[in-house]
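Okay, structure first, notes after.
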Amino acid sequence: MKNKMPQYDFTDRTAIITGAASGIGREIAQQLAIADANIVVADIVSARNKVVENINNGGGNAIGVEVDVSDHLSVENMVATGEKHFERIDIFIHCAGIGIEKPFLETSLEEWNRAINIDLTGTFLCGRAVAHAMTKNNWGRIINLASTAGVRGGYNRAAYGAAKGGVISLSKVMALELAPYGITVNALAPGAIETEMVSKMHTPETRKIYTDAIPAARYGSPSETAAAALFLASEQASYINGHILAVDGGFLAAGLMKKNEK
Ligand SMILES: NC(=O)c1ccc[n+]([C@@H]2O[C@H](COP(=O)([O-])OP(=O)(O)OC[C@H]3O[C@@H](n4cnc5c(N)ncnc54)[C@H](O)[C@@H]3O)[C@@H](O)[C@H]2O)c1
C-alpha cells in the first residue's frame with residue numbers, strides 16, 4: 001500500500017486567528033479553512049474582510065471580527081462573537097503583533113510600552129479569554145506566535161525580544177495550568193519569514209545579514225509557518241504541550257556560521 005501524507009481534518013472545529021488580515025495569520029486562516037475549520041478572522045485592520053470574503057468564496061465558513069488584542073473588552077467581544085456564531089472555540093492561533101527595531105539606548109518608554117502591550121499583554125488577554133471558552137468543552141489548542149528574537153538576543157530587539165521572551169514563558173505556564181482541561185499550549189518561534197511586517201522592516205543590508213546567519217540561506221514563507229501551526233492545532237499533536245517550535249531554517253541551531261561548499 002502506498003503511504004499517504006497525513007491529512008488534517010478540522011471539521012466541526014472553530015478556530016480564532018488574530019492578526020489574520022496579513023502575513024502568517026492570513027495564511028493560517030486560509031489553510032485551516034481548506035482543512036474545513038470554521039474561522040474567526042480577527043484583526044484591528046479592515047483588510048480582515050477581504051480574507052473572510054476569500055475564504056467564503058472558496059467554500060469555507062468564516063466571519064470577521066474587529067479586535068485590538070491589547071484591549072481586554074475588545075478581546076472578550078472577539079471570543080463572545082466567535083462562540084455566539086459557531087457555538088464553541090476549539091483552536092486559537094495568536095498572530096497579532098507588531099515588530100519594533102530600535103537600539104536599546106534609544107528605545108523610548110512609549111515604544112517599550114507599545115511592544116509589551118500588544119505583543120505580550122495581548123497574548124495574556126487573548127489566551128485567558130479563549131481558555132475560559134475552551135474549558136467548557138475540555139478540549140483546546142492554543143498556539144502563540146513568539147519569535148527567535150524571544151530566544152536569542154537580537155540587536156535592536158530590546159522591546160520586541162523582551163515581549164516575545166515573555167510570550168514563551170507565558171505559553172509554558174499556560175501549558176501546565178490548562179493541561180487538566182484538555183488544552184495544549186505551544187508557541188512557534190519563527191525566524192525571518194517573508195511577510196508584510198518584514199518587508200516594511202528589512203533593508204537589503206538586513207536581508208544579507210539574516211541570510212548569512214541562516215543555514216537554509218533564505219527567508220521562510222508564511223505557508224511554511226502555517227504548516228507548523230496546523231500540525232500543532234491538529235488531533236495528531238495531542239501529546240505536545242509547552243513546546244516552542246522554531247520555524248527558522250536552522251537559525252537557532254547555528255553558532256558561528258562558516259558555510260561549507262556543497
Ligand atoms: N514575519 C516574521 O519574520 C516573524 C518572525 C518572528 C515572529 N513573527 C511574529 O508572527 C506574528 C505575525 O507576524 P507577520 O509577519 O505575519 O506580521 P504582519 O504585520 O504581516 O501581520 C500582523 C497582523 O497583526 C495585526 N495587529 C497588529 N496590532 C494589532 C492589535 N493591537 N490588535 C489586533 N491585530 C493587530 C496587524 O493588523 C496585522 O494584520 C507576529 O506576532 C510577529 O511578531 C513574525
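We use all heavy atoms of the structure for the numbers below, so side chains are in, but hydrogens, waters and symmetry mates are not. Counting convention: from 1, in listed order, for ligands and their atoms alike.
Taking the six-membered ring where the residue is Trp, Phe10 and Tyr8 present tilted rings, their angle falling between 30° and 60°.
The existence of a salt bridge linking Glu53 and Lys50 is confirmed by a sub-4.0 Å separation between a basic side-chain nitrogen and an acidic carboxylate oxygen. Checked for salt-bridge contact, Arg48 and Asp43 miss the test: no charged N lies under 4.0 Å from a carboxylate O.
The one candidate from Glu194, His202, Glu224 that meets the side chain to side chain donor-acceptor pair (under 3.5 Å) condition with Tyr219 is His202.
Of all protein heavy atoms, the one closest to atom 38 (C) of ligand 1 is Asp43 OD2, 3.6 Å. When only non-hydrogen protein atoms are considered, atom 32 (N) of ligand 1 lies nearest to Val69 N, 3.0 Å. The nearest protein atom to atom 18 (P) of ligand 1, hydrogens excluded, is given as Ser22 OG, 3.5 Å; this is a heavy-atom distance. What sits closest to atom 13 (O) of ligand 1 on the protein, heavy atoms only, is Met197 CE, 3.9 Å. Protein heavy atom at the shortest distance from atom 3 (O) of ligand 1 is Ile193 N, 2.8 Å. Residue, atom and distance of the protein heavy atom nearest to atom 23 (C) of ligand 1 are Gly19 CA, 3.6 Å. Residue, atom and distance of the protein heavy atom nearest to atom 5 (C) of ligand 1 are Gly191 O, 2.9 Å. When hydrogens are left out, the protein atom nearest atom 43 (O) of ligand 1 is Tyr160 OH, 2.6 Å; that is the closest non-hydrogen contact.
Ile91 approaches Arg13 most closely through the heavy-atom pair CD1-CB, 4.2 Å. The two residues Ala29 and Ile55 have their closest heavy-atom pair at O-CD1, 3.9 Å. Annotation for Ile116 and Ala159: closest pair CD1-O, 4.3 Å, computed over non-hydrogen atoms.
Assignment of Arg26 to the shell around ligand 1 is not supported, since no heavy atom sits closer than 4.0 Å. At least one heavy atom of Val198 lies less than 4.0 angstrom from ligand 1. Ligand 1 does not have Ser74 within reach: every non-hydrogen atom of the residue lies 4.0 Å or more from it. The closest approach between a heavy atom of Ala192 and any atom of ligand 1 is below 4.0 Å.
The environment of Glu87 atom CD is sparse: at most 12 non-hydrogen atoms of other residues, nucleotides or ligands sit within 6.0 angstrom. The 12-atom threshold is not exceeded at CG of Asp12, counting heavy atoms of other residues, nucleotides or ligands nearer than 6.0 Å.
Checked against salt bridge (Lys or Arg N to Asp or Glu O under 4.0 Å), Arg141 has no partners two or more places apart in sequence or in another chain.
Across the listed options Pro222, Gly150, Gly220, Gly97, Gly97 owns the non-hydrogen atom lying nearest to atom 24 (O) of ligand 1. When the options Ile44, Leu188, Val167 are ranked by their closest heavy atom to atom 34 (N) of ligand 1, first place goes to Ile44.
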List the steps and the verdict of side chain to side chain contact (heavy atoms under 4.5 Å, CB included) for Val67 and Val75. CA-CA 6 Å; Val67 68; Val75 167; 4.3 Å; yes
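For ligand 1 and Gly23, the ligand atoms under 4.0 Å from any heavy atom of the residue are 16 (O), 20 (O). Each of the atoms 20 (O) of ligand 1 lies under 4.0 Å from some heavy atom of Glu196. Residue-ligand proximity, Ile24 to ligand 1, at heavy-atom distances under 4.0 Å covers atoms 10 (O), 16 (O), 44 (C). Taking a cut-off of under 4.0 Å to the non-hydrogen atoms of Asp68, the atoms of ligand 1 that pass are 30 (C), 31 (N), 32 (N). Using a 4.0 Å cut-off to heavy atoms of Val67, the atoms of ligand 1 that qualify are 32 (N), 33 (C). Below 4.0 Å from some heavy atom of Val45 lie the following atoms of ligand 1, by number and element: 37 (O).
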